[in-house]
Enquirer: 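Have a look at this one.
Note that this is a predicted model, so its numbers are computed, not measured. Quick note: residue numbers are just sequence positions, from 1.
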Amino acid sequence: MATEQQMKSKNNITITLGIPTCYGGIGLLRTVKSILNSAKDYPKFEFLIFADSVPFPDELKNKLIELGVKLKENNGSESQLAKIGQIISNASGKILILTQDDVRFGSKTVDEIVKKFQTNGEVGMVTVNIQPEPSESFMERVVLPGSNISYLISQLWNNGDTYLAANGRCLAF
């Protein structure tokens, strides 16, 4: 786990990024790498993953640890909300970013999230249009257009400055 001094970057901002998950696989590794690549201005942050249900292969655990991730595997099955609670309880950053295990961050997503908080002291929550991993199943291909349409509609409401844009895929507080 990164120390507070290691997490501090520009303007003494400390960041914790957390992912609750049930299934650790290659998709999670791609997600972690996309997140790390999106933090060019703020490359040092605490990265927490709380998991359960399906044990992580040792090779994946080792790769995550090499990337600076603190992985906690629960013995029993926990709800996503319970794992988010664990992330919040263990977070030490001033900014908390919660996301999912099957998304891809854009090239500056973490940087843009932090800048939103820095440029407007009244902002309490930021949500981002995160792209999911490519659809593999028929059902995933059916659900994706509805999700995209919902996001587009939220952007038309008050220029996107609305809680309606928060879809839960990436929330920062």
Enquirer: Specify the closest pair of heavy atoms between D52 and S77, including all atoms of both residues, with the distance to one decimal.
Expert: OD2-C, 3.5 Å
Enquirer: Would you say that I49 contacts D101 through its side chain, given a criterion of any heavy-atom pair below 4.5 Å between the two side chains?
Expert: no
Enquirer: Could you walk me through whether C170 and L98 pass the side chain to side chain contact (heavy atoms under 4.5 Å, CB included) test, one step at a time?
Expert: CA-CA 6 Å; C170 182; L98 296 170; over 6 Å; no
Enquirer: Could you pull out the closest heavy-atom pair between E73 and F56, with the gap in Å?
Expert: OE2-N, 3.0 Å
Enquirer: Taking C-beta and beyond as the side chain, do K72 and N90 meet within less than 4.5 Å on heavy atoms?
Expert: no
Enquirer: Please report the C-alpha distance between I13 and F45 in whole Å, then the side-chain angles of each, then the deciding distance to 0.1 Å, and finally whether the side chain to side chain contact (heavy atoms under 4.5 Å, CB included) criterion is met.
Expert: CA-CA 9 Å; I13 296 295; F45 56 87; over 6 Å; no
Enquirer: Taking C-beta and beyond as the side chain, do I19 and F47 meet within less than 4.5 Å on heavy atoms?
Expert: yes
Enquirer: Could you tell me whether E59 and K63 have a side-chain N and a carboxylate O separated by less than 4.0 Å?
Expert: yes
Enquirer: Ignoring hydrogens and geometry, is there a side-chain-to-backbone donor-acceptor pair from T16 to E46 under 3.5 Å?
Expert: no
Enquirer: Where the side chain of N120 meets the backbone of K116, is there a donor-acceptor pair that is under 3.5 Å apart?
Expert: no
Enquirer: Are V123 and Y42 linked, directly or through other ILVMFWY residues, by side chains that come within less than 4.5 angstrom of each other?
Expert: yes
Enquirer: Just how far is it from atom CD1 of I15 to atom OG of S92, taken to the nearest 0.5 Å?
Expert: 11.0 Å
Enquirer: So, do L17 and I35 sit near enough that their side-chain heavy atoms are less than 4.5 Å apart?
Expert: yes
Enquirer: Are K108 and D41 side-chain neighbours, meaning at least one heavy-atom pair lies under 4.5 Å?
Expert: yes
Enquirer: Going by heavy atoms in the side chains, are P20 and I87 under 4.5 Å from each other?
Expert: yes
Enquirer: With sequence neighbours excluded, what pairs up with I88 under the side chain to side chain contact (heavy atoms under 4.5 Å, CB included) test?
Expert: I84, L96
Enquirer: Which heavy-atom pair separates Q100 from V103 by the least distance, and what is that distance?
Expert: O-CG2, 3.6 Å
Enquirer: Give, for atom SG of C22 and atom CD of Q80, the distance between the pair rounded to the nearest 0.5 Å.
Expert: 7.5 Å
Enquirer: Does a sphere of radius 6.0 Å around NZ in K61 hold more than 12 heavy atoms from other residues, nucleotides or ligands, not counting ones at 6.0 Å or beyond?
Expert: yes
Enquirer: Run the numbers on S107 and K40 for side chain to side chain contact (heavy atoms under 4.5 Å, CB included), then give the verdict.
Expert: CA-CA 8 Å; S107 65; K40 292 171 180 52; 4.2 Å; yes
Enquirer: Are L28 and I65 connected into the same hydrophobic cluster when the rule is that any two of I, L, V, M, F, W, Y join if their side-chain heavy atoms are below 4.5 Å apart?
Expert: no
Enquirer: Starting at NZ of K83, measure out to CG of L48 and round the result to the nearest 0.5 Å.
Expert: 14.5 Å
